[in-house]
Amino acid sequence: MRILIVEDDPLLGPGLQTGLRQDGYTADWVRDAEAAEHALQLEHFDLMVLDLGLPGRDGLVLLRDLRRDGCCLPVLILTARDAVADRVSGLDAGGDDYLVKPFDLDELSARIRALTRRRYGPSTAVLRVGNLELDTVHRRVTVDQRSLWVSPKEYALLEALMRNADGAVSRAKLRSTAYGWEEDVESNALDVHIHNLRRKLGKHRIVTVRGVGYRLVSEPGK
Ligand code: CA
């Protein structure tokens with residue numbers, strides 16, 4: 001899961017980034033609307049956390065512009081404005097949810113999970129593919145109900161593969177899901193993580209799709 005944080009506050013921006021990373025998300029931080037648009041053109045994001053009070057173009061205007069252009073990325077609005085009118089205009093402009101500052105990071109995480117569930121279908125917080133389960137609340141992976149330790153990067157990759165089980169997921173998508181901009185990604189890092197996941201899940205579970213990327217098989221051997 002990759003999240004774009006749009007927040008001009010020099011303390012809150014990095015704070016959110018650190019917090020979300022500790023929660024296992026890939027998180028990138030930009031400070032204004034232009035940088036946000038640029039980021040969205042360059043990369044695939046799964047969700048945006050958007051402050052309304054931005055320098056230059058307001059967050060609300062950015063959100064309207066994005067929706068007008070057909071962008072359907074889930075957007076969680078952050079606002080210091082504790083006025084009902086501001087929250088209403090945020091939701092009317094295309095926001096999916098909002099949080100009023102100051103807020104608790106745990107609540108932000110819970111709302112992000114709720115938005116993700118709404119967007120990606122399953123009404124539960126647990127993804128299931130064959131005998132494989134991924135609990136997005138506790139960030140736990142189990143195989144046949146036995147828990148399996150995976151690193152944060154492996155978790156991010158596995159989640160992306162499970163959300164598109166039995167379909168090919170491109171290397172670019174996987175890389176973008178698991179790594180933010182400042183992270184130094186070695187060219188073979190993705191393959192190393194996939195190799196480790198295969199070692200843990202069984203080598204037939206993740207199939208290489210030539211020229212594309214990888215595919216998670218729901219029932220290997222069938
Ligand atoms: Ca602000």
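Every number for a ligand or one of its atoms is a count from 1 in the order of the listing.
A salt bridge does not link R140 to E133: none of the charged nitrogens lies less than 4.0 Å from a carboxylate oxygen. In summary, R111 and D97 engage in a salt bridge, as defined by a charged side-chain N under 4.0 Å from a carboxylate O.
Within the 3.5 Å criterion, the main-chain N or O of L60 finds a donor-acceptor partner in the side chain of D58. Using modelled atom types, one side-chain atom of R67 and one backbone atom of C71 make a donor-acceptor pair closer than 3.5 Å. A donor-acceptor pair under 3.5 Å is formed between the side chain of D96 and the backbone N or O of V75.
Near the Ca ion (ligand 1), less than 3.0 Å away, sit the protein N, O or S atoms D8 OD1, D51 OD2, G53 O.
Remark: R139 is positioned above the aromatic ring of Y155, its terminal NZ or CZ atom under 6.0 angstrom from the ring centre and at most 45 degrees off the axis.
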